[in-house]
Protein chains: 2
Amino acid sequence: MEQDSNTESLIFDAAKSVFLEKGFDGAKMQNIADTAGINKALLHYYYRSKEKLFDVVFSQILNQFFKKMGEVWETELSIEEKISAFIDTYVDFLLKNPFIPRFVINTLARFPQNAGEVLEGKTNGIFTKMKSILQKIQNDIDKEAAAGQIKPVKIQDLMVNTISLIIFPIIAEPMIKMIFGLNQNDYKNFIIQRKQVIKDLLIRSLKK
Amino acid sequence: MEQDSNTESLIFDAAKSVFLEKGFDGAKMQNIADTAGINKALLHYYYRSKEKLFDVVFSQILNQFFKKMGEVWETELSIEEKISAFIDTYVDFLLKNPFIPRFVINTLARFPQNAGEVLEGKTNGIFTKMKSILQKIQNDIDKEAAAGQIKPVKIQDLMVNTISLIIFPIIAEPMIKMIFGLNQNDYKNFIIQRKQVIKDLLIRSLKK
DNA sequence: GTCTATAACAGGATAGAC
DNA sequence: GTCTATCCTGTTATAGAC
């Protein structure tokens, strides 16, 4: 999707980069045009309006965000192994795409009318898929808990704990740097080391 | 600060409410004037520009945010009791002020040049205070760990874990509602029940 | 101090030449 | 398809009457 160098995908990539960093209100069409190295009028030629352009970009990012979130769970690993694998892959994903979570969360907060069915349609039913994955994980948990291997736990709590611990430090990067006086390199190391910290915390919470 | 009903504080309160919800780019002076029930020109009479008005509002909110964050730690409780008390008071604070964390984080991300010394000056050295509190907590931890009462832990990890678990679900409210299919009331109950979930998780992580 | 009117400009969108 | 020029609306900011 980002390898074509025809004008349309050039615009898409530029728009994605600008929207990701500045959000809908902060992004300017002129800025997107400059980033793409083309003229403002061309943006409107390919995507009629700023709203439409944003819509396409947002749908793609939302898909990317949730697709990645759903990945490791459909394997044959134990719950603990799944959690561990999820932390590794999702932290790596976010280190490469640090703006995505803030962008998704801000956009969902900014356009609540887009909620529910509208987004379902634009994203091949991403929320339905998420719910089905969550249900499967809950079943796995119940099975392992019944076998006495782990403590029983609600998937909502486990999931929110996990993504909170992973995503928040990415969203709050500037704040964390300020409070702890970290530079870019310190910060990156901190996030990488947190992989193990988060694993320890969550695995421990499943011990009986 | 929000009890006077003279024009200046009327404007301040309106600006705070609008900026909190929409951020700098999304907020419009007209909207602020309407909310305050006065004319647009008066905004400029009291605060020369949108930037200046935003500056005053942001400083006040940043102070509020960090002051509340630093509170319970200066007591004579044990670490575990302090964590428990912090979770209770901070969750309650955020339920009453749900827009604050997203606003603070977005603003820090949007105006990185404001970092460090500028904000230090505008907030009575809030970051210096934070750092000194963190150092004190680290000392307490080291003492209790040396006495064999808890597992030793780095304050950075403990602090980031704690605020991640508390703040993320507030920032991501629309996302959580969507994924789990919660209405406003479900969501609020979920957050309240999480107090205990977070306490269990963190206290457990300190057991030897 | 507070208002109305308006200036000054930015930003999204379109027309029309090539 | 791509560009320049231009329109038009929304937004910040100021002038000036009261």
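Sequence lines set the chain letters: A, B, ... in the order given, protein chains first and strands last, and positions in each chain run from 1.
Taking atom CD on A:Q30 and atom P on D:dT4, their separation rounds to 11 Å, with Å as the unit. One can place CG of B:L42 at 16 Å from P of D:dT12, the figure rounded to the nearest angstrom. One interatomic measurement links the two molecules: CG of A:D25 to P of C:dG12, which rounds to 10 Å at whole-angstrom precision. Distance CD1 (A:I38) to P (D:dC3): 7 Å, rounded to an integer number of Å. In this structure, A:D34 atom CG and D:dC3 atom P are separated by 12 Å, rounded to whole Å. Rounded to an integer number of Å, the gap from CG of B:L53 to P of D:dT11 is 16 Å. If you measure from atom CG of A:L43 to atom P of D:dG1, you get 15 Å, rounded to the nearest angstrom. Computed from coordinates, the A:F19 CZ to C:dG11 P distance equals 14 Å when rounded to whole Å.
Residue contacts for B:A33: at a heavy-atom cut-off of 4.0 Å it reaches no nucleic acid atom on any strand shown.
Seen from the ring of B:Y90, B:K68 does not count as a face-on cation partner, given the 6.0 Å and 45° thresholds.
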Next on the checklist: I'd like to compare against my own output: the B/S/- annotation of nucleotides 13-18 of chain D with a strict under-4.0 Å heavy-atom distance to protein.
Outcome noted: BB----
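Aromatic ring orientation, B:F86 versus B:W73: tilted (interplanar angle from 30° to 60°). Aromatic ring pairs are classed by plane angle as parallel below 30°, tilted from 30° to 60° and perpendicular above 60°; the pair B:F190 and B:F180 is tilted. Relative orientation of the A:F111 and A:F54 rings is tilted, given thresholds of 30° and 60° on the angle between their planes.
Take B:Y46 and apply the ring pair (Phe, Tyr, Trp, His ring centres under 6.0 Å) test, not counting sequence neighbours, and it matches no residue.
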Identify each donor-acceptor pair in which a side-chain atom of residues 193-201 of chain B lies under 3.5 Å from a protein atom, sequence neighbours left out, and give them as a table.
residue : atom : partner : partner atom : Å
B:R194  : NH1  : A:N161  : OD1          : 2.9
B:R194  : NH2  : A:N161  : OD1          : 2.9
B:R194  : NH2  : B:L165  : O            : 3.2
B:K195  : NZ   : B:D92   : OD1          : 2.9
B:Q196  : NE2  : B:D200  : OD1          : 3.1
B:K199  : NZ   : B:D88   : OD1          : 3.0
B:K199  : NZ   : B:D88   : OD2          : 3.0

